[in-house]
Amino acid sequence: MLSKAKVRPGGWLYYFRGVMVGDGQRAAGTPLRVAQDEAGVPPGVWKGRGLAAVGLAAGDVVTERQAELLLGEGRHPDADRIERERMEAGDDPAEARRVTVLGRPIEHNQSPETDKAKERTPRLAIDLTFRAPSTAQIAWALGDEETRLVLELCQDVARDKTLAWLEESVAEIRWGSGGKHRKPVKDGLIVAVFRHYESRAGKPLLHDHAVVSIRARRPDGKGTWGNLSTDSMLEHIVAADTLYTLTFMEEVSARFGWAWEPREVTPGKRPVMEIAGIDQRLIGWQSTRRQQIADALPILVAEYEEAQGHPPGEHAAYALNRQAADQTRPPKRKVARSLSELRARWRKSAIGKVGACVVYRLIERARAAAAAWALVRPVVDVALAAVDITAVVYVMRGAFRHRHLLAEARRHLTRTLRGRPHEPGLDELIVQAAIDGYTRPIGRMMTADLRALYPRDTEDQAVVRPLTRARAKSPYERARLAAGALTARVHAVRRSRRLNSRSLPHAVAPVGPLPRSRLDRSEARAARAAKRVGPALDTDVATVEETQRVIQTMAAKIQDGIRERTAARGSRSQPAPTTPRQPHRTQQPGAQPAPGRSTPTTGGAA
């Protein structure tokens, strides 16, 4: 999970006193490194390709003065030395300080020239918090030392890959009136990463605070500095979140061989992916904050309904959930403990909650569940994935952008692969297939092309349209129903074409070598036979249906001929009827004889 927060002038004090020391309470006058040792957390480190521009390297320890200058004042992290050297060279203090400022000084935003309240409190950094899934937290806290170290490595890889994607594909610098000029940053981002081990509730919570400075160099060749477009960064947080989850799952599965499965946390909402085999009781033990919020939420909802006269909508429900989280938020811990002490305390607490057998067989059960999932070989079908993500995003948003499709494509890969590796760029390939085949532009955004997404067949119209309008269900439930109906239609089309020995051209990305099944061998034989006969024309669903109607008509004529010949043989051996003979009626195929009448099968009467 990836969340965000904005750092403004004065806000960095909160990070110095709490975030940098493991969300604890740093005593006044205590040096940062000493406070980190007492809190049992590692020191912060610098990340990003933009470090070379300020004389730093990836992996360097974040000092308190460096963070104060860059994240608190928007100045060079080595500003003290630069300022001192400039004054020794004859510059006045004001000019020497101005040289150390990266971009516009924050004092400008507090001047009377600034009219907008937003500019009076400019953003200096963005705090991106990376949290591993709940079951990974449990395995990290209760597993052995090797498991802990490997899971922390998985966290490092997933976090760094996500930051690299933001750096290469999202980050852009803006300048001019209203930020009308925007281009990719020249060097990259400057990020300070701080690792924490514990939640405020005292439960295991492996997470990293990646504080991204908004200062970056412009690509003008002059070495000038400016501000990142924070709006662009924040708009892509969901896509970054799905990339982090996808990468973390792949890293865990590659190193441990564990499998992943979806778990519904809130009915009607997106399920979350968890490690298969982890006891559900341990998830309840670790996620105490969720239960606290769930207990406080009904009271807030009742107050909202009484005041407004109607239940809360989607946005109001989200605001009430945040309010419940703030009300139940426990204070920061005051007693510092090392990680080894925390792990011993967590193990004792978990044993008291669910029993020693569940705790000590945690890894064994994850391996057993993975052995069952190892028999499944997932395949990513690009054509079906494009239909799926377009239907989901259209039903949930109506109008959307590239980033919305990209986030949904990564969710599709997460559900389909469940930790198996995927080819680089497969998510973008799915998005491009969706844009090319099932969308149309509307202004600066796009929406689903209903003529391509929803076919004009009567059956599909009757199935798909009501699903997208089932207002009693949540948006996600309606989206999944619509995507499922459209996916079923694609399968039906392919099945019809396969019956005529013709396969539908579509891109499929297999994951690893797949065993050759009977269907594979039969299709291979059909392909070889088709080559011997010669090239055949492509057959669509309309052609198949027309062929079926012709066959049914021919079968009806054959049945009519059989009945006529049988009736003729019976009439030659029977006496003349005493009643006027009724004109012969051709019986429709599949129709039953009239009650009381039967077709004679012998020549004589009883």
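- Using a 4.0 Å cut-off between a side-chain N of Lys or Arg and a carboxylate O of Asp or Glu, E341 and R345 do not qualify as a salt bridge.
- Atom-to-atom distance recorded for L166:CG and I126:CD1 is 9.0 Å, nearest 0.5 angstrom.
- Taking a cutoff of 4.0 Å between a charged side-chain nitrogen and a carboxylate oxygen, D208 and R195 qualify as a salt bridge.
- Side-chain contact of Q155 with W140: a donor-acceptor pair under 3.5 Å is absent, judged by distance alone.
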Go through the steps for F256 and R367 under the test side-chain contact (heavy atoms from CB on, under 4.5 Å), then give the verdict.
CA-CA 8 Å; F256 291 107; R367 291 171 182 161; over 6 Å; no

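- Between the H76 side chain and the D78 main chain, a donor and an acceptor come within less than 3.5 Å of each other.
- Between R255 and C154 the shortest side-chain heavy-atom distance falls below 4.5 Å.
- Rounding to the nearest 0.5 Å gives a distance of 10.0 Å between CD of Q137 and CD1 of I275.
- By the 6.0 Å and 45° rule, R410 stacks over the aromatic ring of W165.
- Side-chain contact between Q432 and D436 is present, with at least one heavy-atom pair separated by less than 4.5 Å.
- Using a 4.0 Å cut-off between charged nitrogen and carboxylate oxygen, R397 and E408 do not count as a salt-bridge pair.
- Looking at E73, its side chain never comes within 3.5 Å of a backbone N or O of E68 through a donor-acceptor pair.
- Partner Y438 forms a side-chain contact (heavy atoms from CB on, under 4.5 Å) with one of T390, D449, T447 and no other, that one being T390.
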What do the steps show when you test S169 against H236 for side-chain contact (heavy atoms from CB on, under 4.5 Å), and what is the final call?
CA-CA 10 Å; S169 304; H236 286 80; over 6 Å; no

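- For K203 (side chain) and W285 (main-chain N/O), a donor-acceptor pair under 3.5 Å exists by modelled atom type.
- In this structure a side-chain-to-backbone donor-acceptor pair under 3.5 Å is missing from E428 to G425.
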Determine, stepwise, if the pair F194 / V41 fulfils side-chain contact (heavy atoms from CB on, under 4.5 Å).
CA-CA 9 Å; F194 303 93; V41 296; over 6 Å; no

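- Contact detail for V45 and G59: the closest heavy-atom pair is CG1-O, 3.9 Å.
- For the pair L102/L70, a side-chain contact is recorded, criterion being any heavy-atom separation below 4.5 Å from C-beta on.
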Using the rule given for side-chain contact (heavy atoms from CB on, under 4.5 Å), can you reason through V238 versus R403, listing the C-alpha separation, both sets of side-chain angles and the distance that settles it, and then say yes or no?
CA-CA 8 Å; V238 177; R403 63 177 182 269; over 6 Å; no

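- For S253 (side chain) and W258 (main-chain N/O), a donor-acceptor pair under 3.5 Å exists by modelled atom type.
- Between R49 and D187 the shortest side-chain heavy-atom distance does not fall below 4.5 Å.
- Ion pairing of E167 with K47 is absent here, as no side-chain N (NZ or NE/NH1/NH2) approaches a carboxylate O to less than 4.0 Å.
- Heavy atoms from other residues, nucleotides or ligands lying under 6.0 Å from CD of E146 number 12 at most.
- Taking 4.5 Å as the limit, some side-chain heavy atom of L426 sits within range of a side-chain heavy atom of V380.
- From T414, atom OG1 reaches atom CZ of R420 across 14.5 Å, with rounding to the nearest 0.5 Å.
- The aromatic rings of F130 and Y244 sit perpendicular to each other, their planes meeting at more than 60°, with 30° as the lower class boundary.
- Here the closest heavy-atom approach between residue V382 and residue L429 is recorded as CG2-CD2, 4.1 Å.
- Salt bridge D388/R411: absent, no basic N to carboxylate O contact under 4.0 Å.
- Between L2 and I237 the shortest heavy-atom distance is CD2-O, 3.9 Å.
- Note that the CG atom of D279 and the OG1 atom of T135 stand 12.0 Å from one another [nearest 0.5 Å].
- Put simply, the side chain of R215 reaches to within 4.5 Å of the side chain of N227, judged on heavy atoms.
- When side chains are defined from C-beta on, I138 does not count as touching W346, because their heavy atoms never get closer than 4.5 Å.
- P43 is not listed as a side-chain neighbour of V62, based on a closest heavy-atom distance of 4.5 Å or more.
- Under the 30°/60° scheme for interplanar angles, the aromatic rings of W260 and F248 are found to stand perpendicular.
- When all heavy atoms of K161 and L243 are compared, the pair lying nearest together is O-CD2, 4.3 Å.
- Across all their heavy atoms, A239 and A407 have their closest contact at CA-CB, 3.9 Å.
- Here the closest non-hydrogen pair linking A259 and A370 is N-CB, 3.8 Å.
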